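Below, read A as the first sequence line, B as the second, and so on, with proteins coming before strands; counting in each chain starts at 1. Since we're looking at a predicted model, the values are computed, not measured.
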Protein chains: 2
Amino acid sequence: MDTPDPDAVPARLAALPSWLITQTALRAGRLVSDGLAAVDARGYHFRLLATLDEFGPASQATLGRRSGIHVSDVVAALNELAERDLVERAPDPADRRRNVVTVTPAGRRQLRRLEKQLAAVQDELLAPLSPAERDQLTGLLARVLTHHTRRSG
Amino acid sequence: MDTPDPDAVPARLAALPSWLITQTALRAGRLVSDGLAAVDARGYHFRLLATLDEFGPASQATLGRRSGIHVSDVVAALNELAERDLVERAPDPADRRRNVVTVTPAGRRQLRRLEKQLAAVQDELLAPLSPAERDQLTGLLARVLTHHTRRSG
DNA sequence: CCCCTAACGTTCGCCGCACCAACGTAACGC
DNA sequence: GCGTTACGTTGGTGCGGCGAACGTTAGGGG
C-alpha cells in the first residue's frame with residue numbers, strides 16, 4: 001500500500017466543518033436510536049409524541065409541519081404509535097378530510113420514558129464538554145440552524 | 001386544532017443538543033450533496049478520492065478503513081469512479097485477493113473541483129459565524145468526536 | 001504438506017431519515 | 001356548480017451506514 005498506515009483519518013476530511021458536524025450527528029444519532037430502541041421507539045415517535053403533548057391534539061398535516069416530519073412518514077409512524085395504543089386517531093367531525101390525533105395516557109407515560117432516555121443520551125454525547133462549553137456548542141449550532149431555516153427552508 | 005399555531009417548533013426538540021446537531025447535519029448534508037451533485041459527484045466519491053490522494057494507492061479494504069466507508073459501499077462507489085475514469089482498479093500482483101486502486105490525473109482534477117465546491121459549502125454553512133466562532137465550533141465538535149471514537153468505535 | 005483460519009472483493013438486502021408523485025376524498029371560494 | 005386547495009394514504013427514490021453470505025486467496029500450525 002505505499003503508506004504503512006492501517007486506518008488513519010485523511011486530514012482533508014478531519015478539517016472540514018461539514019464532516020465534523022455530520023460525523024458528530026452520526027454518533028448522536030446512534031446514541032439516540034439505541035436509547036429509544038431500549039424502550040421500543042424511534043426518533044419519529046418521540047418527535048410526534050412531544051409535538052402532541054406540547055401543542056395538543058392536531059391533524060396529521062399540522063403534526064407533520066410542527067415536527068418537521070414528511071406527511072407520508074407521519075402516516076407510518078402514527079400507525080406504529082396507534083398499534084401500541086400510545087395515540088388515538090379519530091375522524092374530525094368538523095372536517096371529514098382530517099384525522100384528529102390525540103395522545104393517550106399510555107402515550108404520555110411513554111413520552112416520559114423517552115425524555116428520560118434522551119436526557120441520558122445528551123449527557124453521554126456531550127460528556128467531554130463542561131456545562132459552559134455545552135452552552136457554547138448549542139448556541140453556535142442554534143445560530144447556524146436558524147440562519148439556514150429562516151432564509152431557505 | 002386546539003392551538004392556532006401553524007408550524008411552531010416544539011421546545012422539547014429545539015432544546016435538545018442531539019436535535020440541534022442532527023438538524024444542522026441535515027442542512028450541511030444538503031449543501032454538500034447539492035454542491036457535489038453540481039460536479040456529478042457525491043460524498044463517497046470525495047472521501048475516496050481524498051483518501052487516495054492523501055495516502056496513495058491502496059486496496060479497497062484499507063481504503064474503506066481510512067475513509068470510514070463500508071467495504072461493500074466502497075465497491076459501488078469505486079465502480080462509479082472507475083466508470084468516469086477517475087480511478088483505476090488493478091489486481092495486486094503481490095496478493096491476488098487485493099485490488100490496487102489508483103487515482104488518475106482526471107481523478108486528481110476532479111478532486112480539485114470537489115474541494116473547491118466544498119470550501120464554498122463550508123462558507124455558506126457557517127455564514128452566520130465569525131472566524132473565531134467557527135474555530136470554536138469545530139474545536140468543540142472535534143473534542144466530542146474524538147471522545148466518542150477513541151473509546152467506543 | 002495439508003487444512004484451517006483470516007482477509008479480500010462482491011452481491012444482496014435492511015434500516016433510518018427525508019422526500020416526491022400520485023390518487024381519491026372532502027372542503028372552500030367564486 | 002366547478003375549480004382549487006387541503007388532507008390522508010400508498011408506493012417508490014435517494015443517501016449514508018450496516019450485516020450476511022459466498023467464492024477466492026494467503027498464510028500459519030499441526
Enquirer: Hey, is the side chain of A:R27 poking within less than 4.0 Å of OP1 or OP2 on D:dG17, counting only N and O atoms?
Expert: no
Enquirer: Let me know the distance between CZ of A:R98 and C1' of D:dT9, rounded to the nearest Å.
Expert: 17 Å
Enquirer: Can you measure from OG (A:S18) to CD (B:Q122) and round to the nearest 0.5 angstrom?
Expert: 3.5 Å
Enquirer: Quick one: the side chain of A:D73 and the base of C:dC19, do they pair up donor-acceptor inside 3.5 Å?
Expert: yes
Enquirer: Using atom CG of A:D92 as one end and atom P of D:dC7 as the other, report the distance to the nearest whole Å.
Expert: 11 Å
Enquirer: Rounding to an integer number of Å, can you tell me how far A:N99 CG sits from C:dA26 P?
Expert: 12 Å
Enquirer: Within less than 4.0 Å of OP1 or OP2 of D:dT24, is there a side-chain N or O belonging to B:R97?
Expert: no
Enquirer: Under 4.0 Å between any heavy atoms, over every strand shown, what does A:G43 touch: base, sugar-phosphate, or nothing? Just pick one.
Expert: sugar-phosphate
Enquirer: Could you tell me the separation between the CZ atom of B:R42 and the P atom of D:dT13, rounded to a whole number of Å?
Expert: 16 Å
Enquirer: Atom CZ of A:R66 and atom P of D:dC7: how far apart are they, to the nearest Å?
Expert: 12 Å
Enquirer: B:V71 and B:V101: same hydrophobic cluster, using ILVMFWY side-chain contacts below 4.5 Å?
Expert: no
Enquirer: Rounded to the nearest Å, what distance is computed from the CD1 atom of residue B:I69 to the C1' atom of nucleotide D:dG19?
Expert: 17 Å
Enquirer: I want to confirm an ordering. Mapping A:V75 and B:A94 to their closest nucleotides on DNA chain D, which one lands closer to the 5' end?
Expert: A:V75
Enquirer: Under 4.0 Å from OP1 or OP2 of C:dT10: is there any side-chain N or O of B:Q60 that close?
Expert: yes
Enquirer: Quick one: does A:E88's side chain have a donor or acceptor within less than 3.5 Å of a partner on A:A82's backbone?
Expert: no
Enquirer: In whole Å, I'd like the distance from the CG atom of B:L48 to the P atom of D:dG17.
Expert: 11 Å
Enquirer: Within the 4.0 Å heavy-atom criterion, would you say B:L26 contacts the bases, only the backbone, or no part of the nucleic acid?
Expert: sugar-phosphate
Enquirer: Who are the salt bridge (Lys or Arg N to Asp or Glu O under 4.0 Å) partners of A:E115, not counting sequence neighbours?
Expert: A:R112, B:R12
Enquirer: Looking at C:dC17, I'd like to know if its phosphate oxygens (OP1 or OP2) sit under 4.0 Å from a side-chain N or O belonging to B:Q23.
Expert: no
Enquirer: Does D:dC7 have OP1 or OP2 sitting under 4.0 Å from an N or O in the side chain of A:R96?
Expert: no
Enquirer: Within the pair B:R65 and C:dA7, is there a side-chain N or O less than 4.0 Å away from OP1 or OP2?
Expert: no
Enquirer: Describe the nucleic acid contact of A:S72 in one word from base, sugar-phosphate, nothing, applying a heavy-atom distance below 4.0 Å.
Expert: base
Enquirer: Is there a side-chain contact between A:N79 and the phosphate of D:dG8, meaning an N or O under 4.0 Å from OP1 or OP2?
Expert: no
Enquirer: Less than 4.0 angstrom between a side-chain N/O of A:R89 and OP1 or OP2 of D:dC7, yes or no?
Expert: no
Enquirer: Is a donor-acceptor pair below 3.5 Å formed from side chain B:H70 to base D:dG16, judging by atom type as modelled?
Expert: no
Enquirer: Starting at the 5' end of DNA chain C, which residue's closest nucleotide do you reach first, A:Y44 or B:D95?
Expert: B:D95
Enquirer: Once rounded to the nearest 0.5 Å, what's the spacing between atom CG of A:L114 and atom CZ of A:R47?
Expert: 13.5 Å
Enquirer: In whole Å, I'd like the distance from the CH2 atom of A:W19 to the P atom of D:dG16.
Expert: 12 Å
Enquirer: With distance as the sole criterion, is a donor-acceptor pair present between the side chains of A:Q60 and A:R98 under 3.5 Å?
Expert: no
